[in-house]
Amino acid sequence: MGEPLEIDIITIFPVMLNCFLEESILKRAVEKGSVRIRTVNLRDFAKDARRSTDDRPYGGGPGMVMLPEPLLDAVTAVRKPSSRVILMTPQGRKFDQQIAGELALENHLIFICGNYEGIDERVKDELSADELSIGDYVLTNGGLASVVVVDAVVRLLPDVLGCDASTTEESFSAGLLEYPQYTRPPVFRGRKVPEILLSGNHEKIASWRKEQALIRTKEKRPDLLNRQDVQ
Ligand code: ADE
């Protein structure tokens with residue numbers, strides 16, 4: 001296996017994020033050596049006795065703004081020449097499966113997680129970071145958004161999921177939603193598994209699945225059919 005993808009998440013909530021990162025497939029990915037994930041406590045870079053990471057906004061208004069210096073010092077502490085710095089913000093480019101695939105090819109990702117009303121604008125000017133949003137809504141904490149991105153990226157790394165095909169066949173990878181899946185029993189509360197899936201005819205099963213994926217996509221997400229990457 002190659003070098004693990006390295007991920008540093010700069011946050012004031014390392015304990016909360018570690019809970020998520022230390023379970024399930026992400027935990028296994030770390031144990032297998034596919035990825036190395038570290039949370040960096042922003043408070044360790046605070047300059048005052050109260051370990052402040054934010055202050056009131058110039059010009060007035062509600063909420064607090066994250067101080068530039070602790071954030072930039074935290075980035076400097078972990079940054080390497082090849083690092084890609086990502087700022088989680090609802091103002092960013094909308095995260096999707098294609099971006100997940102791009103990030104999975106990097107060797108070091110640094111996530112900056114904002115809180116409260118936002119981050120001092122000069123952090124963005126200094127870093128020329130990628131700004132990413134996970135959707136058009138505002139969370140209390142960019143840390144949550146960063147673990148969504150980390151999860152989507154890590155599962156694409158080699159050897160993380162049981163079978164490589166599960167990442168390429170699923171929703172969005174071919175530009176379509178996933179076909180319906182069934183497991184045992186063959187009849188459940190009177191509902192039967194489609195006959196074709198029990199037939200053992202792999203060619204017919206593959207074309208049935210493609211057709212079902214198209215039907216589903218037309219029904220639930222017709223917007224995806226207009227994208228150029230649909231095969
Ligand atoms: N921080 C707060 N809301 C967010 C969002 N929707 N995406 C990324 N970061 C955020």
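Atoms within each ligand, like the ligands themselves, are counted from 1 in listed order.
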Under 3.5 Å donor-acceptor, Arg216 side chain and Leu177 backbone = no
### Message
Given 3.5 Å as the limit, does a donor-acceptor pair link the side chain of Ser199 with the main chain of Asn201, or not?
### Response
yes
field: Any N/O pair Ala145/ligand 1 closer than 3.5 Å
entry: no
With a cutoff of 4.0 Å, is Leu132 in contact with ligand 1, counting heavy atoms of the residue only? yes
In this structure, atom 9 (N) of ligand 1 is nearest to the protein heavy atom Thr89 N, 3.2 Å
Output for pair (Thr11 OG1, Arg43 CZ), nearest 0.5 Å, gives 9.5 Å
Q) If you measure every N/O of Asn141 against every N/O of ligand 1, is any gap under 3.5 Å? A) no
**Prompt:** Is the closest side-chain heavy-atom distance between Ile110 and Ile7 below 4.5 Å?
**Reply:** no
Do the side chains of Phe188 and Leu197 join up, straight or via other hydrophobic residues, at under 4.5 Å, putting them in one cluster? no
*So is Gly114 close enough to ligand 1, meaning a heavy atom under 4.0 angstrom away?*
no
Short version for Asp136: what comes under 4.0 Å of ligand 1, heavy atoms counted, is neither
The closest protein heavy-atom partner of atom 3 (N) of ligand 1 is Leu139 N, 3.0 Å
Atom 10 (C) of ligand 1: closest protein heavy atom, distance to 0.1 Å, is Pro90 CD, 3.6 Å
Check: Under the 3.5 angstrom rule, does the side chain of Lys204 hit a backbone N or O of His202 as a donor-acceptor pair?
Finding: no
for atom 6 (N) of ligand 1, nearest protein heavy atom and its distance come out as Tyr137 O, 2.8 Å
If you scan protein heavy atoms around atom 7 (N) of ligand 1, the nearest is Ile134 N, 3.0 Å
Honestly, for Thr140 the part within reach of ligand 1 (heavy atoms, under 4.0 Å) is neither
Numbered in order shown, the ligand 1 atoms found under 4.0 Å of a heavy atom of Gly142 are 1 (N)
Original post:
Less than 3.5 Å between some nitrogen or oxygen of Val138 and one of ligand 1, yes or no?
Top reply: no
Practice task
Show the numbers, then the answer: is there a salt bridge (Lys or Arg N to Asp or Glu O under 4.0 Å) between Arg28 and Glu31?
Solution key: CA-CA 5 Å; Arg28 278 217 312 273; Glu31 286 168 355; over 6 Å; no
Taken in chain and number order and not counting sequence neighbours, the residues that satisfy salt bridge (charged side-chain N to carboxylate O under 4.0 Å, His left out) with Arg36 are Glu6, Asp8
Give the C-alpha distance, both sets of side-chain angles, the deciding distance and a yes or no for side-chain hydrogen bond (donor to acceptor under 3.5 Å, both in side chains) between Ser34 and Asp159. CA-CA 7 Å; Ser34 302; Asp159 303 321; 5.3 Å; no
